[in-house]
Amino acid sequence: MSKHIFVTGGVVSSLGKGLTAASLGRLLKSRGLKVTTQKLDPYLNVDPGTMNPFEHGEVFVTDDGGETDLDLGHYERFIDESLSQASNATTGSIYSSVISAERRGDYLGKTVQVIPHITDEIKKRISALASDDTDVVITEVGGTVGDIEILPFLEAIRQFRLDVGRHNVCYVHVTLIPFIGPAGELKTKPTQHSVTELRSRGIQPDAIVVRSDRPIQDSLRSKISNLCDVPIEGVVNAADAESLYEIPLTLHEAGLDDYVCDALRLDTREPDLKEWKALVKKVDSAWKPLKVGIVGKYVTLPDAYLSVAESLRHAAIANEVDLEIEWILSDRVEGMLIDEALGNLDAIVLPGGFGERGVNGKIAAAAYARQNNIPTLGLCLGMQTMVIEYARNVLGLTDAYSSEFDTQDRVTPHPVIDLMESQKGVTDKGGTMRLGAYVAKLAPGSQLADVYQDLVVSERHRHRYEFSTKHKDRFEDAGLVCSGLSPDGLLVEFIELPSHPYWIGTQAHPELKSRPNRPAPLMNGLITAALKIAEERNPERYSRPAVQLDLDEPSKVE
């Protein structure tokens with residue numbers, strides 16, 4: 001029977017519930033357990049697919065086409081497992097299922113209520129991930145204890161322990177100890193109030209993960225233990241870390257995984273963390289400076305491009321690069337400011353997005369990168385802006401554009417990017433996109449084939465518009481190669497410019513499959529190309545300084 005861990009949060013949002021769940025999943029997997037994860041979100045949207053990135057951050061897409069919460073990205077990167085759309089459930093999807101069942105008459109005329117019908121549907125979603133192949137299901141409950149939207153979820157997970165047995169469930173509560181500057185003290189009161197609120201809903205936490213901006217003393221842990229009725233071994237401090245990949249090691253050193261395994265009566269081996277420790281060591285020892293600009297529409301909220309940034313960091317780790325990411329608002333990358341905005345970059349990423357705002361800035365960035373040999377990677381809309389730029393400035397189609405941006409008063413005569421045929425006339429924006437993993441065939445001898453070291457690849461997609469194949473021959477005659485196509489040859493999945501060090505675009509989102517110890521090939525290729533150019537331009541800067549040994553301290557000499 002699968003064991004269940006429920007991760008809740010209190011005091012404020014963005015404390016790191018998702019990273020706590022992901023890190024705990026990594027630790028349990030390192031013990032030889034089969035782990036899967038899930039996020040329960042309290043908002044009424046059926047999924048985050050139609051939500052503004054400024055509201056919710058990025059939409060993480062699974063292989064099976066689920067549009068899910070960004071925390072699933074953390075889960076996949078940490079436990080190194082591909083999740084499914086079943087790993088994310090929202091209040092909207094739960095109520096939608098219950099209302100549909102009521103309309104079908106499944107409840108035989110009974111009055112449909114939050115308890116038991118909504119809570120039963122929530123428990124059904126949780127149980128769906130439990131199987132003979134799964135030892136532990138980790139479920140993060142979104143929102144903060146005390147929010148009105150979260151109440152049905154708390155009631156459901158309270159009932160769940162009664163349904164499956166006390167020792168098959170562990171409640172982990174993430175909370176905050178703030179440092180009050182004028183008083184010079186760390187305060188436990190917010191944690192006390194949060195746990196009191198959780199207990200008022202019938203849930204006694206088994207463990208408390210305390211977030212703080214600095215390590216806390218054992219005396220504070222003891223105080224929390226006494227006031228919150230949690231054994232001191234179950235009060236774990238997760239102070240701010242320089243790298244999020246340090247978090248599993250921090251939680252392990254604090255004993256969280258040992259404590260949880262004891263609570264769930266899991267007989268496991270000690271975790272094998274050699275690979276993860278080596279990863280963290282590589283993060284700490286990175287020394288080759290490189291600046292990569294992300295030119296996007298939503299850069300004022302970096303979570304909108306969370307997977308893009310993390311996949312760049314993965315590639316940086318693999319290449320010993322001390323990465324600096326510069327967030328550049330595409331709206332301002334136009335006209336006289338372009339050299340000021342982009343001139344100091346070693347590489348550029350043009351990420352995805354929807355809508356016309358900022359598109360001309362991306363087009364200008366694509367042109368600048370192409371003309372100045374700056375390694376560039378375009379993702380989804382980013383690739384589309386590269387195509388538009390090439391059409392305007394090389395093919396001479398000055399009015400080339402995407403039909404996505406057509407209006408009643410303006411229709412582009414050269415729609416080099418156009419709506420997929422299957423989506424024309426469809427008005428439901430929540431269900432019109434090409435979603436999930438799709439296979440592409442790469443051209444032998446292409447840059448892409450070299451980057452992937454393969455001719456058949458699979459990447460995840462999320463888009464409505466495509467490269468218009470009506471113009472394919474004209475582009476290729478002018479030097480832009482469509483080097484990756486769908487198996488039937490009807491869709492252009494990748495483009496490249498062979499005359500450029502690295503000017504590659506993809507209709508996909510390769511950042512979604514990147515792992516800390518296995519970077520996305522296209523991101524790795526970008527960093528490698530940028531590093532090669534940087535080393536050629538300034539070899540002294542990229543010559544590692546000799547280590548100076550202190551001969552008076554023999555312990556430093558291996």
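In this text the structure is predicted, and so the values were computed from the model without any measurement. We count residues from 1, following the sequence as given. Hydrogens, waters and symmetry mates are skipped; everything else that's a heavy atom, side chains included, is used.
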Cation-pi check for Tyr401 against Arg392: NZ or CZ below 6.0 Å from the six-membered ring centre and within 45 degrees of the axis, yes or no? yes
Would you check if His74 and Arg77 make a side-chain contact, meaning some heavy-atom pair closer than 4.5 Å? yes
What are the two closest non-hydrogen atoms of His500 and Ala369, and how far apart are they? NE2-O, 3.0 Å
Exactly one of Glu459, Glu67, Glu493 should register a salt bridge (charged side-chain N to carboxylate O under 4.0 Å, His left out) with Arg434. Which one does? Glu493
Do Thr139 and Gln38 have side-chain N/O donor and acceptor atoms under 3.5 Å apart? yes
Check: Thr62 side chain, Ser84 main-chain N or O, donor-acceptor pair, under 3.5 Å: no
Is Arg474 paired with Asp477 through a side-chain N to carboxylate O contact shorter than 4.0 Å? no
Candidate pair Leu186 and Gln217, rule side chain to side chain contact (heavy atoms under 4.5 Å, CB included), full reasoning: CA-CA 10 Å; Leu186 289 159; Gln217 297 177 339; over 6 Å; no
From the list Val295, Ile417, Leu350, side chain to side chain contact (heavy atoms under 4.5 Å, CB included) partner of Thr385 resolves to Leu350
Shortest non-hydrogen contact from Gly358 to Asp331? CA-OD1, 3.9 Å
Quick check: do Pro516 and Phe78 have side-chain heavy atoms less than 4.5 Å from each other? no
Return yes if a side-chain donor-acceptor contact under 3.5 Å exists between Glu140 and Tyr75, otherwise no. yes
Just checking, any donor-acceptor pair under 3.5 angstrom between side chains of Tyr368 and Asp339? yes
Main-chain N/O of Thr37 paired to Ser87 side chain as donor or acceptor, under 3.5 Å: yes
Determine whether Leu480 and Val394 satisfy the following criterion, side chain to side chain contact (heavy atoms under 4.5 Å, CB included), listing intermediate values before the conclusion. CA-CA 10 Å; Leu480 186 71; Val394 179; over 6 Å; no
Using every non-hydrogen atom in the two residues, find where Leu290 and Val321 come nearest and quote the distance to one decimal. CB-CG1, 3.5 Å
Can you find a side-chain donor-acceptor pair between Asp69 and His56 that sits under 3.5 Å? yes
Show your working on side chain to side chain contact (heavy atoms under 4.5 Å, CB included) between Leu497 and Gln447 and close with a plain yes or no. CA-CA 9 Å; Leu497 192 60; Gln447 283 181 301; 5.7 Å; no
Test item: Lys532 side-chain N/O and Pro501 main-chain N/O as donor-acceptor pair under 3.5 Å: no
Could you check whether any side-chain N or O of Ser446 sits under 3.5 Å from a backbone N or O of Ala449, counting only pairs where one atom can act as donor and the other as acceptor? yes
Before accepting this row, confirm whether a basic side-chain N of the pair Glu310/Arg313 lies closer than 4.0 Å to the acidic partner's carboxylate O. yes
Using a strict cut-off of less than 4.0 Å between a Lys/Arg side-chain nitrogen and an Asp/Glu carboxylate oxygen, indicate whether Lys29 and Asp80 qualify as a salt bridge. no
Is any side-chain heavy atom of Asp47 closer than 4.5 Å to a side-chain heavy atom of Gln85? no
Heavy atoms of other groups near Glu536 CD, more than 12 under 6.0 Å: yes
Any Glu326 side-chain heavy atom under 4.5 Å of Ile294 side chain: no
For Ser483 and Glu496, does a side-chain donor sit closer than 3.5 Å to a side-chain acceptor? yes
Answer yes or no: is there an ion pair linking Arg460 with Asp63, defined by an N-O contact shorter than 4.0 Å? yes
Side-chain donor/acceptor of Trp503 to backbone N/O of Ala366, under 3.5 Å: yes
Looking at Asp258 and Arg31, is there a salt bridge between them, counting it only when a charged N and a carboxylate O are closer than 4.0 Å? yes
Heavy-atom donor-acceptor pair, Asn237 side chain to Val210 backbone, under 3.5 Å: yes
Take atom CD of Gln371 as the centre, draw a 6.0 Å sphere, and report whether it contains more than 12 heavy atoms from other residues, nucleotides or ligands. yes
NZ (Lys34) with more than 12 external heavy atoms under 6.0 Å: no
When you compare the side chain of Leu345 with that of Ile328, does any pair of heavy atoms fall below 4.5 Å? yes
Side chain to side chain, His461 and Val61, heavy atoms closer than 4.5 Å: no
Check: Leu83 main-chain N/O paired with Glu76 side-chain donor or acceptor under 3.5 Å: yes
Counting C-beta onward and ignoring hydrogens, is there a side-chain heavy-atom pair between Thr300 and Phe54 closer than 4.5 Å? yes
Judged by atom type as modelled, is there a donor-acceptor pair below 3.5 Å linking the side chain of Asp257 to the main-chain atoms of Leu27? no
Among Val457, Val451, Leu485, which residue satisfies the side chain to side chain contact (heavy atoms under 4.5 Å, CB included) criterion with Phe494? Val457
Side-chain (Lys39) to main-chain (Thr68) donor-acceptor, under 3.5 angstrom: no
Run Val236 and Tyr259 through side chain to side chain contact (heavy atoms under 4.5 Å, CB included) and show every step you take. CA-CA 10 Å; Val236 173; Tyr259 182 82; over 6 Å; no
Near Glu55 CD, under 6.0 Å, is it more than 12 heavy atoms from other residues, nucleotides or ligands? no
Lys291 atom NZ: more than 12 heavy-atom contacts under 6.0 Å: yes
Below 4.5 Å, heavy atoms only, C-beta onward: do Trp327 and Pro302 meet side chain to side chain? yes
Work out which heavy atom in Phe475 is nearest to a heavy atom in Tyr390; give both atom names and the distance. CD2-CD2, 3.8 Å
Under 3.5 Å, side chain of Lys362 to main-chain N/O of Pro351, donor-acceptor pair present? yes
Would you find more than 12 non-hydrogen atoms of other residues, nucleotides or ligands less than 6.0 Å from Glu275 atom CD? no
